[in-house]
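Worksheet: one structure, shown below.
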Amino acid sequence: WREKFSESIPEYPNLSKVLGEYGTSVIFEGEKVLALKKECERIVLMTHNVLALSVVTRIVDMCELAIERNTSVIFMGD
């Protein structure tokens, strides 16, 4: 199911890792943090969905903090 989910949003390969890896941890380091941030910024410009905007805006904020502090972004599964 993870592969199928990732294939459903191929234009967002980094974001699909977060959403497609439910139950596991996903770590973004270095350039991958910037790539995730850019994907989420594209969504912010394209969507009017309030829930989607809330989620991707938080991810953008996390990425900006990680870039500023030269650290990673980690998503922890249940």
Side-chain angles (χ1 to χ4, degrees):
W1 67 270
R2 291 179 185 146
E3 183 178 323
K4 186 173 182 113
F5 180 85
S6 294
E7 290 172 358
S8 70
I9 55 171
E11 62 275 11
Y12 303 102
N14 294 292
L15 190 58
S16 71
K17 289 178 186 173
V18 174
L19 301 175
E21 293 293 329
Y22 185 77
T24 62
S25 300
V26 180
I27 301 171
F28 293 91
E29 298 176 302
E31 293 297 316
K32 290 291 187 179
V33 174
L34 183 59
L36 176 62
K37 178 179 178 272
K38 288 181 178 182
E39 286 180 12
C40 291
E41 288 172 336
R42 285 188 4 229
I43 294 170
V44 167
L45 296 174
M46 293 174 31
T47 190
H48 298 290
N49 181 296
V50 176
L51 180 58
L53 284 170
S54 175
V55 171
V56 294
T57 299
R58 289 179 186 179
I59 295 173
V60 168
D61 291 344
M62 286 189 299
C63 290
E64 287 175 349
L65 187 60
I67 291 166
E68 177 185 311
R69 295 185 180 181
N70 195 30
T71 189
S72 305
V73 172
I74 303 172
F75 292 88
M76 302 293 292
D78 287 341

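Numbers here simply count residues along the sequence, with the first being 1. What you see below is based on every heavy atom in this structure, not just the backbone, and it leaves out hydrogens, waters and symmetry mates. Values in this document were obtained by computation on a predicted structure and should not be read as measured data.
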task = Search all heavy atoms of Ala66 against all heavy atoms of Ser72 and return the closest pair with its distance.
result =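 Looks like CB-O, 3.9 Å.
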key: Side-chain heavy atoms of Val26 within contact of Ile74, under 4.5 Å   = no
request  = Report yes if some heavy atom in the side chain of Val18 is under 4.5 Å from a heavy atom in the side chain of Phe28; otherwise report no.
outcome  = yes
message = Between Glu64 and Arg69, is the side chain to side chain contact (heavy atoms under 4.5 Å, CB included) condition met? List the steps.
response = CA-CA 9 Å; Glu64 287 175 349; Arg69 295 185 180 181; over 6 Å; no
Side-chain donor-acceptor pairs under 3.5 Å in residues 36-63, sequence neighbours left out?
from	atom 1	to	atom 2	distance (Å)
Lys37	NZ	Glu41	OE2	2.8
Glu39	OE1	Asn14	N	3.2
Glu39	OE1	Leu15	N	2.9
Glu39	OE2	Asn14	N	3.1
Glu39	OE2	Asn14	ND2	2.9
Arg42	NH2	Glu11	O	2.9
Thr47	OG1	Asn49	N	3.0
Asn49	OD1	Leu51	N	2.9
Asn49	OD1	Ala52	N	2.8
Thr57	OG1	Leu53	O	2.6

